[in-house]
Amino acid sequence: MNAINETNFNFDKQTAFYRGKVRDVYTIDNQYLVMVASDRISAFDVVLPRSIPYKGQVLNQIAAKFLKATADILPNWVISVPDPSVTIGQMCEPFKVEMVIRGYLAGHAWRTYAAGGRELCGEVLAEGLKENDKLPEPIITPTTKAAVGHDEDISKVDILANGIVSEEDYVQLEQYTKALFQRGTEIAKKRGLILVDTKYEFGKKNGKIYLIDEIHTPDSSRYFYAEGYEERQAAEEPQKQLSKEFVRQWLIENGFQGKDGQQVPEMTEEIIRSISERYIELYEHITGEEFIYPEAEEVLTRVEKNVKQALSTLG
């Protein structure tokens with residue numbers, strides 16, 4: 001299976017290169033970004049030792065679709081998607097916070113609640129909630145973006161007090177976050193899904209705010225199946241999820257949560273294939289479209305060729 005583990009291209013006018021947890025980012029002429037969605041997979045802020053075929057394509061294509069579907073809310077960074085695994089866009093100055101928004105008590109929010117916490121990033125959580133309950137209103141629980149290691153929860157008060165984002169910009173980011181979540185929720189509903197929580201990243205270019213990075217993908221979001229949600233909640237059964245939570249669960253069951261001294265369990269071919277199939281299922285369910293497998297040519301050759309062709313049209 002042809003996976004993109006890492007890329008080491010050299011493009012015309014390339015001025016910088018950055019390898020993130022799962023993406024390889026090339027800066028062109030200090031004004032454009034070429035973002036390659038590799039097939040690396042991370043969980044608990046750790047990059048796992050084996051890549052997952054087609055994962056990058058799934059995330060890149062879902063993000064492209066949703067960025068297009070939200071372009072009327074605010075401008076986004078995308079210029080073109082020249083390859084299934086690549087997006088080329090505007091280079092923006094990113095805000096140093098990620099805007100996490102939650103409509104349900106799940107994941108990290110639930111773990112905090114279960115441990116007795118009743119406040120998350122300055123948002124008060126009511127007593128008597130169960131895991132995966134719908135919250136009265138979606139709450140924004142920002143995190144600071146860590147260059148290395150874990151992102152940290154932070155409240156609006158602390159963001160403003162520390163001058164991380166200006167009040168004027170932050171108010172705008174909150175409005176955009178709520179509007180994007182509302183749109184994502186509506187699109188998910190049409191697909192028989194519930195958008196549980198997600199995160200957005202924003203940047204600025206020439207004084208204008210842009211939506212950057214990927215949105216509404218299974219890596220940045222959690223989805224439940226809508227059918228049977230109420231029944232499962234009433235019976236206190238786990239919700240059927242469409243997210244990469246299944247990868248985290250597999251790791252937890254095999255004794256790994258990214259803590260010091262813990263070893264990543266062995267990723268057999270069978271595990272890799274099943275994770276790859278789950279990602280393709282996610283794609284088809286979230287978009288309502290059939291996943292198109294790329295042609296059989298060597299994947300890195302294809303990516304490089306498509307990017308060079310697209311860059312030549314940027315001038």
Side-chain angles (χ1 to χ4, degrees), residues 22 37 39 41 52-74 76 78 81 84-85 87 99-110 131-140 176-201 211-235 237-249 274-294:
V22 296
D39 295 322
I41 185 166
I52 307 298
Y54 310 117
K55 171 189 171 276
Q57 177 178 340
V58 162
L59 299 186
N60 191 57
Q61 291 188 316
I62 291 174
K65 193 176 168 67
F66 280 111
L67 285 163
K68 214 174 192 171
T70 53
D72 60 316
I73 296 172
L74 81 159
N76 63 58
V78 177
V81 183
S85 298
T87 298
M99 298 297 272
V100 179
I101 182 164
R102 304 170 180 280
Y104 293 74
L105 188 65
H108 168 62
W110 165 250
E131 183 174 12
N132 302 328
D133 273 353
K134 187 175 185 182
L135 297 169
E137 285 293 318
I139 60 170
I140 294 175
Y176 284 148
T177 298
K178 287 173 182 171
L180 289 164
F181 190 66
Q182 179 62 33
R183 179 69 54 82
T185 298
E186 288 160 7
I187 295 170
K189 194 174 179 184
K190 289 181 187 144
R191 304 285 327 126
L193 296 169
I194 293 168
L195 179 58
V196 177
D197 52 42
T198 191
K199 71 179 171 75
Y200 303 111
E201 295 189 46
L211 180 57
I212 60 173
D213 207 56
E214 60 178 46
I215 70 161
H216 298 162
T217 69
D219 266 29
S220 65
S221 319
R222 195 186 314 268
Y223 289 93
F224 291 155
Y225 286 89
E227 191 183 341
Y229 166 80
E230 299 289 355
E231 292 78 357
R232 284 188 287 273
Q233 278 308 91
E237 290 171 1
Q239 285 300 331
K240 199 173 168 206
Q241 300 213 12
L242 202 67
S243 69
K244 74 169 188 184
E245 191 65 26
F246 69 93
V247 178
R248 294 190 201 102
Q249 282 305 122
S274 81
I275 296 175
S276 181
E277 284 166 1
R278 284 292 287 271
Y279 268 96
I280 289 165
E281 179 198 340
L282 292 175
Y283 174 84
E284 294 186 339
H285 208 111
I286 291 169
T287 65
E289 294 167 8
E290 189 182 346
F291 182 77
I292 308 289
Y293 289 88

Provide the closest heavy-atom pair for [X] versus [Y] in the form atom of the first, atom of the second, distance.
X: His216; Y: Gly184; answer: CE1-CA, 3.4 Å
X: Glu281; Y: Tyr225; answer: OE2-OH, 2.8 Å
X: Ser85; Y: Gly56; answer: OG-C, 4.3 Å

[atom1] of [X] to [atom2] of [Y]: how many Å apart, nearest 0.5 Å?
X: Ile73; Y: Leu211; atom1: CD1; atom2: CG; value: 9.0 Å
X: Leu105; Y: Asn132; atom1: CG; atom2: CG; value: 7.5 Å
X: Lys178; Y: Ile140; atom1: NZ; atom2: CD1; value: 5.0 Å

| message | For Tyr104 and Tyr229, take the angle between the two ring planes, folded into 0 to 90°, and tell me which bin it lands in: parallel under 30, tilted 30 to 60, perpendicular over 60. | response | perpendicular
| Does the side chain of Gln239 come under 3.5 Å of the side chain of Gln233 through a donor N or O and an acceptor N or O? | yes
| task | Just do the side chain to side chain contact (heavy atoms under 4.5 Å, CB included) check on Tyr279 and Phe291 with the steps written out, would you? | result | CA-CA 10 Å; Tyr279 268 96; Phe291 182 77; over 6 Å; no
| How would you list, by chain and number, every residue that makes a side-chain contact (heavy atoms from CB on, under 4.5 Å) with Lys68, sequence neighbours excluded? | none
| said: Suppose we screen for side-chain contact (heavy atoms from CB on, under 4.5 Å). Which residues come up paired with Arg191, at least two apart in sequence or across chains? | reply: Leu193
| message | So, using side-chain hydrogen bond (donor to acceptor under 3.5 Å, both in side chains) as the criterion, who are the partners of Tyr293 when residues are at least two apart? | response | none
| For Asp219, which of Lys55, Lys199, Arg248 qualifies under salt bridge (Lys or Arg N to Asp or Glu O under 4.0 Å)? | Lys55
